[in-house]
Amino acid sequence: MIERMALYIAKSIKRANPEQTASVEVMQYSLIAIIGTGSAIFLSILFAAFLGTAAQTISVLVSFMTLRAFSGGFHFESAEKCALVSILGAVVIPLIPLSDTTTDILLTVALVLILLLAPKGKNQSRIFSRKHYPLLKLISLVIVTTNYWIGLPEVTISFLVQALSLLPLIWKGGETNEETR
């Protein structure tokens, strides 16, 4: 649905100004990201508002997206799956209670996974050259360690979920960490 909507909009833009616009494919790709991310954020906050957890859901979204920008991670094959899983995670994660000890343990697990596996993914290899990977790893580690001082359980879980998305066993097509380095 998101892909079709993006294609329709891209074709409309191209028809309106064929000389000064990018290709339909380029516009569609960008629109998929905008529509998918925008709808996931909007719907997550909307559902969370009904549950009284909007602030925590915003924390989950910001922490997850910030870490993901530097560490990379698994991508779903469709924008719809990504949006649905993102909404589910952003709304459910704030409802999971954690003790301080559990928070520290899970944050340490996320930190170790980031240390061992980040950065990973096609976006990282397209945007950054291999020489930037140590810096991306360092930035990812700094992002995760900030929650030792902030101490938000929902941020810990979002960091853990993001770190788990780096695990090779969930990657299809045989992409490994070494291939993206």
*Asks:* When rounded to the nearest 0.5 angstrom, what distance separates CG in L164 from CZ in F74?
*Replies:* 13.0 Å

*Asks:* Distance from S165 atom OG to L113 atom CG, nearest 0.5 Å?
*Replies:* 9.5 Å

*Asks:* Going only through I, L, V, M, F, W and Y residues with side-chain contacts under 4.5 Å, is there a path from V144 to L116?
*Replies:* yes

*Asks:* Can you check whether I32's main-chain N or O pairs, donor with acceptor, with E3's side chain at less than 3.5 Å?
*Replies:* no

*Asks:* Is it the case that one hydrophobic cluster holds both Y133 and I139, taking links as side-chain heavy atoms less than 4.5 Å apart, direct or via other members?
*Replies:* yes

*Asks:* With no hydrogens and no angle check, is any side-chain donor or acceptor of K137 less than 3.5 Å from a backbone partner on P119?
*Replies:* no

*Asks:* Check for me, please, whether F70 and L135 land in the same ILVMFWY cluster - side-chain distances under 4.5 Å, paths through other members count.
*Replies:* yes

*Asks:* Would you find a donor on one side and an acceptor on the other, under 3.5 Å apart, between the side chain of K14 and the backbone of T21?
*Replies:* yes

*Asks:* Excluding sequence neighbours, so at least two apart, what forms side-chain contact (heavy atoms from CB on, under 4.5 Å) with Y148?
*Replies:* D104, L107, T108, L111, T145

*Asks:* Between side-chain atoms of residues 39-51 and protein atoms elsewhere (two or more places apart, or another chain), which donor-acceptor pairs fall under 3.5 Å?
*Replies:*
{"from": "S39", "atom 1": "OG", "to": "I35", "atom 2": "O", "distance (Å)": "2.8"}
{"from": "S39", "atom 1": "OG", "to": "G36", "atom 2": "O", "distance (Å)": "3.1"}
{"from": "S44", "atom 1": "OG", "to": "A40", "atom 2": "O", "distance (Å)": "2.6"}

*Asks:* Could you list the donor-acceptor pairs under 3.5 angstrom formed between side-chain atoms of residues 150-157 and any protein atom two or more places apart in sequence or on another chain?
*Replies:*
{"from": "T156", "atom 1": "OG1", "to": "N147", "atom 2": "ND2", "distance (Å)": "2.7"}
{"from": "T156", "atom 1": "OG1", "to": "L152", "atom 2": "O", "distance (Å)": "3.4"}

*Asks:* Report the distance from atom CG of L166 to atom CZ of R68, rounding to the nearest 0.5 Å.
*Replies:* 8.5 Å

*Asks:* So which heavy atom on L7 is nearest to which on Q28, and how close?
*Replies:* CB-NE2, 3.4 Å

*Asks:* Quick one: closest heavy-atom pair of A118 and S71, and the distance?
*Replies:* CB-CB, 3.9 Å

*Asks:* Minimum heavy-atom separation for R15 and P18, please, with both atom names.
*Replies:* O-CD, 3.6 Å

*Asks:* Please table the atom pairs, donor to acceptor, closer than 3.5 Å between any side-chain atom in residues 54-67 and protein atoms at least two apart or in another chain.
*Replies:*
{"from": "T57", "atom 1": "OG1", "to": "T53", "atom 2": "O", "distance (Å)": "3.2"}
{"from": "T57", "atom 1": "OG1", "to": "A90", "atom 2": "O", "distance (Å)": "2.9"}
{"from": "S59", "atom 1": "OG", "to": "A55", "atom 2": "O", "distance (Å)": "3.2"}
{"from": "S63", "atom 1": "OG", "to": "S59", "atom 2": "O", "distance (Å)": "2.8"}
{"from": "S63", "atom 1": "OG", "to": "V60", "atom 2": "O", "distance (Å)": "3.1"}
{"from": "S63", "atom 1": "OG", "to": "S158", "atom 2": "OG", "distance (Å)": "2.6"}
{"from": "T66", "atom 1": "OG1", "to": "V62", "atom 2": "O", "distance (Å)": "2.6"}

*Asks:* Quick test of your reading: applying salt bridge (charged side-chain N to carboxylate O under 4.0 Å, His left out), list the pairs with at least one residue in residues 78-97, sequence neighbours left out, ordered by first then second residue.
*Replies:* E77-K81

*Asks:* Would a hydrophobic clustering, with Ile, Leu, Val, Met, Phe, Trp and Tyr connected at side-chain separations under 4.5 Å, put I93 with L95?
*Replies:* no

*Asks:* Measure the CG-CD1 distance between L160 and I105 for me, rounded to the nearest 0.5 Å.
*Replies:* 12.0 Å

*Asks:* Going from OG1 on T102 to CD1 on I96, what distance comes out if it is rounded to the nearest 0.5 angstrom?
*Replies:* 12.0 Å

*Asks:* For side chain to side chain contact (heavy atoms under 4.5 Å, CB included), just list the numbers for I13 and N17, CA-CA rounded to whole Å, side-chain angles, deciding distance to a tenth of an Å, and then say yes or no.
*Replies:* CA-CA 6 Å; I13 293 169; N17 192 351; 5.9 Å; no

*Asks:* Using side chain to side chain donor-acceptor pair (under 3.5 Å) as the criterion, list what pairs up with T146, not counting sequence neighbours.
*Replies:* none

*Asks:* Using a 6.0 Å cut-off, check whether atom CG of D100 has over 12 heavy atoms from anything other than its own residue.
*Replies:* no

*Asks:* Minimum heavy-atom separation for A10 to L31, with atom names?
*Replies:* N-CD1, 3.7 Å

*Asks:* Find out whether I143 and F159 are in side-chain contact, i.e. whether some heavy atom of one side chain is under 4.5 Å from a heavy atom of the other.
*Replies:* yes

*Asks:* Given the rule that I, L, V, M, F, W and Y join up when any side-chain heavy atoms are under 4.5 Å apart, are F76 and M1 in one cluster?
*Replies:* no

